[in-house]
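Residue numbers count from 1 along this sequence.
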Amino acid sequence: EWHGHNDFYKVVTNAATAWLYGCSSVNCSMLGIGERTGNTPLEAMVFEYAQLKGTLDGMDTTVITELAEYFEKEIGYEIPPRTPFVGKNFNVTRAGIHADGLLKNEEIYNIFDTEKFLNRPVLVAISNTSRLAGIAHWINTYFKLKGDDQIQKTHPMVADIKGWVDREYELGRITVLTDEEILNAFLENTKEEYKVNYFFNENAKINLNEIFKRSFLLSLNADGKIM
């Protein structure tokens, strides 16, 4: 049995080495929570096990995401955003060149299938460096567009939103845009046909109540079309 702490950022390396040299078990804690610098993160050792053994042996790794959400929402534990596997930014890119690669083949940027194993698709944060590819990827991810339904960076709707993004940063903005701001820009800066096609796309499953909660001012007729 091996018990370690993360004093030198080596707790996962040391735990895996202990396995390789004969230890039958490693003491872990969820998110590595423990005294001083913390203990071996359980979620990290799940993936370390899979890499060493070539199998998950039936473990459902999407539960890691559910546990992390429970820690934040129910316990009030604040997970650093860049924490591997569970941080909100662990699989988010802001670079346009990365987003361009994602549109072509996700494996170019994403080290493993985070949607399959953690129920967390790779995300793009929109900023002045995101370019057309980043905006196209954001739309595809946010509206859950798959296969032939996905839009490309050459779509005129992408150019409409890119124009708005550029104007924001020309006015002096320095922070990354939020999903709510981009969604609002989508409503205000794109043609009506795009709003209908994507806002009410069956795959998106957008909850209108949620939209109203976000204070977006929409006027809908009885058919659900924007007036």
Side-chain angles (χ1 to χ4, degrees), residues 1-102 104-130 133-134 137-138 141 174-179:
E1 181 179 353
W2 187 84
H3 178 94
H5 290 262
N6 201 27
D7 298 70
F8 293 97
Y9 282 107
K10 294 181 178 180
V11 68
V12 174
T13 302
N14 288 340
T17 301
W19 268 346
L20 292 172
Y21 278 82
C23 275
S24 60
S25 63
V26 169
N27 296 160
C28 298
S29 64
M30 187 64 195
L31 309 181
I33 296 172
E35 68 174 22
R36 297 203 320 275
T37 55
N39 297 113
T40 310
L42 176 62
E43 65 276 13
M45 295 313 294
V46 168
F47 283 102
E48 198 73 13
Y49 176 91
Q51 292 180 87
L52 291 172
K53 300 284 285 186
T55 177
L56 283 165
D57 280 334
M59 289 185 285
D60 179 3
T61 51
T62 62
V63 172
I64 291 172
T65 299
E66 296 174 12
L67 287 170
E69 291 174 352
Y70 179 85
F71 269 66
E72 287 195 308
K73 295 177 181 178
E74 301 299 329
I75 300 177
Y77 182 78
E78 185 175 342
I79 301 174
R82 290 180 174 81
T83 303
F85 307 126
V86 293
K88 68 178 182 180
N89 289 334
F90 100 96
N91 65 338
V92 176
T93 180
R94 293 175 174 82
I97 191 170
H98 290 160
D100 202 35
L102 285 167
K104 294 180 175 69
N105 184 344
E106 185 175 314
E107 292 183 0
I108 292 175
Y109 175 76
N110 209 16
I111 193 169
F112 69 101
D113 191 339
T114 54
E115 183 170 17
K116 175 181 178 180
F117 290 104
L118 293 170
N119 200 24
R120 292 186 57 178
V122 62
L123 300 176
V124 171
I126 302 300
S127 71
N128 57 325
T129 64
S130 298
H137 191 279
W138 184 92
T141 302
I174 59 174
T175 56
V176 171
L177 294 159
T178 66
D179 287 351

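The backbone N or O of G4 sits nowhere less than 3.5 Å from a side-chain atom of N27 that would complete a donor-acceptor pair. The backbone N or O of I79 lies less than 3.5 Å from no partner atom in the side chain of T83, so there is not a single donor-acceptor pair. For the pair R120 (side chain) and V86 (backbone), a donor-acceptor distance under 3.5 Å is present. A side-chain donor-acceptor contact under 3.5 Å links E43 to the backbone of L31. The main-chain N or O of S29 is never found under 3.5 Å from a side-chain atom of N39 such that the two would form a donor-acceptor pair. Of the possible donor and acceptor atoms, none in the side chain of N89 sits under 3.5 Å from a partner among the backbone N and O of V92. Looking only at distances, no side-chain donor or acceptor of S127 sits under 3.5 Å from a matching main-chain atom of T175. Using modelled atom types, no side-chain atom of D113 and backbone atom of F117 make a donor-acceptor pair closer than 3.5 Å.
A distance of 9.0 Å separates CZ in F112 from CD in Q51, rounded to the nearest 0.5 Å. Atom-to-atom distance recorded for T114:OG1 and N91:CG is 4.0 Å, nearest 0.5 angstrom. A distance of 9.0 Å separates OG1 of T37 from CZ of F8, quoted to the nearest 0.5 Å. Considering CH2 of W2 and SG of C28, their distance stands at 9.0 Å, rounded to 0.5 Å. For the atom pair OG1 (T62) and CG (L118), the distance works out to 8.0 Å, reported to the nearest 0.5 Å. Annotation: the span from L42 atom CG to I64 atom CD1 amounts to 7.0 Å, rounded to 0.5 Å.
For I174, the CD1 atom counts as loosely surrounded, since its 6.0 Å shell holds 12 or fewer non-hydrogen atoms of other residues, nucleotides or ligands.
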Original post:
Does the pair V46 and L56 meet the rule for a side-chain contact (heavy atoms from CB on, under 4.5 Å), with working shown?
Top reply: CA-CA 8 Å; V46 168; L56 283 165; 4.2 Å; yes
Subject >> Derivation and outcome, side-chain contact (heavy atoms from CB on, under 4.5 Å), residues R36 and N6 >> reply: CA-CA 8 Å; R36 297 203 320 275; N6 201 27; over 6 Å; no
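Of the residues H3, E48, H5, M45, the one that meets the side-chain contact (heavy atoms from CB on, under 4.5 Å) test with T40 is M45.
Listed here is the closest heavy atom pair of I33 and F71: CD1-CE2, 3.7 Å. Nearest heavy atom pair, residue A125 against residue S130, reads O-OG, 3.0 Å. Here the closest non-hydrogen pair linking G134 and I126 is O-CD1, 3.4 Å.
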